[in-house]
Amino acid sequence: MALLPRNAKAGMEGVDKEKMQRIVYETSKGSKYFENEEKKEALLRQKIENMRAQRAKLSAADLSHYQTVADRRILELEATRDLSRIWLHADMDAFYAAVETLSNPSLKGKPMAVGGMSMISTANYEARRFGVRAAMPGFIARKLCPELIFVPTDFKKYTHYSELTRKVFEKYDPNFMAASLDEAYLDITEVCKERSMSGGEIAEELRKCVNEETGLTCSAGVAPNRLLAKVCSDINKPNGQFVLTNDRMAVMTFIFSLPIRKIGGIGKVTEHILRDAFGISTCEEMLQKGGLLCALFSHSTADFFLSVGLGIGRTDTPQVSSRKSISSERTFSATDDETLLYQKLADIAEMLCTDMKKGGLCGRTLTLKLKTASFEVRSRAVTSEKYFSSSEDILKYASKLLKAELPISLRPTLVSFQ
DNA sequence: GCGGATCAC
DNA sequence: TATGGTGATCCGC
Ligand SMILES: Nc1ccn([C@H]2C[C@H](O)[C@@H](COP(=O)(O)OP(=O)(O)OP(=O)(O)O)O2)c(=O)n1
Ligand SMILES: [Mg+2]
């Protein structure tokens, strides 16, 4: 029993990954979307070339100087290491898909995705075996998995179940930080102490409780800080957990072999840059090449990279801050009909205004976001003296911005606010 | 303050 | 036929 693969991401034996890749490629190739992606990739390669050139320009004296800077910074960061707190990151498994399966149990065991032919939000683990992923267009997913079942998104349902999970989280940390509908960070230091339980024991109990209250499963990571807890929750997904003890050696051993892409905040582009311009693929290499990072990146970025190499992350509980912007955007099929464009703009302005009313919000910087027929994204902003919120005012400013861009063939528009 | 990019979910 | 929506942050002007 215990020998069955628990991790569907790892449990991919007997799956032809190359064939999957080929299907995705063949289906995308030649599309406007794909052409834009290729253009972005070319730009990225150029950016990497520039960084390599800058790197090559560093003199021996520069290198030794920045090595000193990095060494000093590493010591300073090390001095801030806090191993006194226990953080838990909880992450629901295939969240939207799991909720949909609860309301329709006949979906159980069948490959299923939430979304439509244009885009899917997530897929259950059965579908993931076929290579179906979040943020993949449905028509490609169907080529990977012809029997894939599509279920439309229903945010109300997900919000409801999210609230149920949060009632459980609250019991373990009244100040827990919700990271999204399906993720939360909990400082379980106090509850561990009060109940004389280990982080792992609390995680087992919390996951059981979430399951009893919702019928859903989740995974958990327990670690001395949030950055590490997040990495840990992914390790034994789905329906599993992983504990990293509050011990410096344990942290260093864990982080050193870790691919940098596993770290929150390091995405596809950063991974590519660090690998191709600096030969950095693991967190240990972040430290080893600290001098280069200090020479070529800003203070704050270099600091972030170095703390990743040390496995240092936030352990405080920040104040819940109010939102900084609100936005509404829609994608529609490309058109150069100006009347139609203004009509769409008016609709979006109306939606934005409705949302702002709900929150009693006003803004003074309005940003119009445009996506051209070739998937290029542009934004144009204005800031007014006064704060405003009426759909008329929003439309007035947005129309002015749109007018300056005409004539243009647009897929979509957005309006956002600060 | 603006515009482009990146990232997460 | 068809490649999302929302919010945040950073960099280099
Ligand atoms: N690009 C994305 C990624 C995710 N989501 C939504 C659907 C997911 O169900 C939910 C949670 O995201 P996760 O990354 O946690 O993914 P899942 O919970 O679906 O799967 P798992 O956490 O088991 O990997 O957010 C989305 O709309 N668009
Ligand atoms: Mg999840």
Side-chain angles (χ1 to χ4, degrees), chain A residues 24 27-37 39-41 43-44 47 50 89 91-92 94-97 113-122 133-143 150 152-153 155 158 162 178-184 227 230 233-234 261-274 296-304 318 321-334 348 351-352 355 359 361 363-371 373-385 401 405 411-418:
Chain A
V24 172
T27 313
S28 297
K29 198 178 47 168
S31 68
K32 287 273 195 297
Y33 174 82
F34 190 77
E35 280 171 20
N36 189 249
E37 288 298 297
K39 210 165 69 190
K40 287 198 304 196
E41 273 166 36
L43 275 175
L44 177 57
K47 187 170 169 185
N50 289 346
H89 180 249
D91 186 334
M92 304 303 294
F95 183 53
Y96 295 1
V114 176
M117 277 310 151
S118 293
M119 184 53 58
I120 65 188
S121 292
T122 195
R133 291 288 181 274
M136 178 182 273
F139 67 92
I140 293 183
R142 200 176 52 180
K143 289 212 172 177
F150 289 88
T153 51
F155 276 101
Y158 315 142
S162 178
S180 68
L181 279 187
D182 92 313
E183 282 180 36
L227 180 131
K230 165 100 176 130
S233 69
D234 200 48
R261 185 65 163 87
K262 297 271 179 194
I263 303 288
I266 300 188
K268 192 177 137 176
V269 171
T270 309
E271 175 189 37
H272 201 152
I273 291 175
L274 289 179
L296 294 176
F297 290 95
S298 71
H299 274 294
S300 69
T301 304
D303 263 11
F304 170 66
S321 61
S322 60
R323 70 155 84 217
K324 298 180 176 68
S325 72
I326 184 165
S327 65
S328 183
E329 62 186 289
R330 287 297 173 271
T331 296
F332 42 86
S333 43
I348 295 171
M351 291 188 274
L352 181 61
D355 288 350
L361 299 166
R364 61 190 278 262
T365 297
L366 180 130
T367 305
L368 176 71
K369 180 170 147 186
L370 308 169
K371 204 189 282 176
S374 53
F375 286 88
E376 222 182 304
V377 176
R378 281 181 222 168
S379 70
R380 296 291 176 259
V382 275
T383 300
S384 91
E385 298 279 312
L401 291 171
E405 297 300 311
R411 307 177 55 56
T413 321
L414 148 132
V415 179
S416 92
F417 239 152
Q418 287 179 15

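The chains referred to below are lettered A, B, ... by the order of the sequence lines, with proteins before strands, and numbering in each begins at 1. What you see below is based on every heavy atom in this structure, not just the backbone, and it leaves out hydrogens, waters and symmetry mates.
Residues passing the side chain to side chain donor-acceptor pair (under 3.5 Å) test with A:Ser379: none are found, sequence neighbours excluded. A:Phe95 meets the ring pair (Phe, Tyr, Trp, His ring centres under 6.0 Å) test with no other residue; sequence neighbours excluded. In terms of the salt bridge (Lys or Arg N to Asp or Glu O under 4.0 Å) criterion, A:Lys324 has no residue partners (sequence neighbours excluded). Among residues two or more places apart in sequence or in another chain, the salt bridge (Lys or Arg N to Asp or Glu O under 4.0 Å) test is passed with A:Lys230 by A:Glu183.
Using a 4.0 Å cut-off between charged side-chain N and carboxylate O, A:Glu376 and A:Lys371 make no salt bridge. A salt bridge does not link A:Lys268 with A:Glu271: none of the charged nitrogens is closer than 4.0 Å to a carboxylate oxygen. With respect to A:Lys369 and A:Glu329, a salt bridge is recorded, a charged nitrogen being found less than 4.0 Å from a carboxylate O.
The side-chain heavy atoms of A:Tyr158 and A:Val114, taken from C-beta on, include a pair separated by under 4.5 Å.
Atom CD1 in A:Ile140 sits about 12 Å away from atom P in C:dA2, given to the nearest Å. If you measure from atom CD1 of A:Ile120 to atom C1' of C:dA2, you get 13 Å, rounded to the nearest angstrom. C:dT1 atom P lies 17 Å from atom CE of A:Met119, rounded to whole Å. Between the CZ atom of A:Phe139 and the C1' atom of C:dT3 there is a distance of 6 Å, given to the nearest Å. Distance, A:Phe150 CZ to C:dT3 P: 14 Å, rounded to whole Å. When the P atom of C:dA2 is taken as reference, atom NZ of A:Lys143 falls 12 Å away, rounded to whole Å. Atoms CZ (A:Phe34) and C1' (C:dT3) sit 12 Å apart, rounded to a whole Å.
None of A:Leu181, A:Asp182, A:Ile120 except one satisfies the side-chain contact (heavy atoms from CB on, under 4.5 Å) rule with A:Tyr96; the exception is A:Leu181.
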Return a single string for nucleotides 7-13 of chain C, one symbol per nucleotide in 5' to 3' order, where B is base contact, S is sugar-phosphate-only contact and - is none, cutoff 4.0 angstrom on heavy atoms. SSS-S--

How does each nucleotide of nucleotides 3-9 of chain B score, in 5' to 3' order, for protein heavy atoms under 4.0 Å: base (B), sugar-phosphate only (S), or none (-)? SS-SSSS

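C:dT3 and B:dA8: their P atoms are spaced 24 Å apart (whole Å).
For A:Ser31 and C:dT3, the shortest distance from a side-chain N or O to OP1 or OP2 is not below 4.0 Å. Contact annotation: A:Arg142 side-chain N/O to C:dA2 OP1/OP2 distance is not under 4.0 Å.
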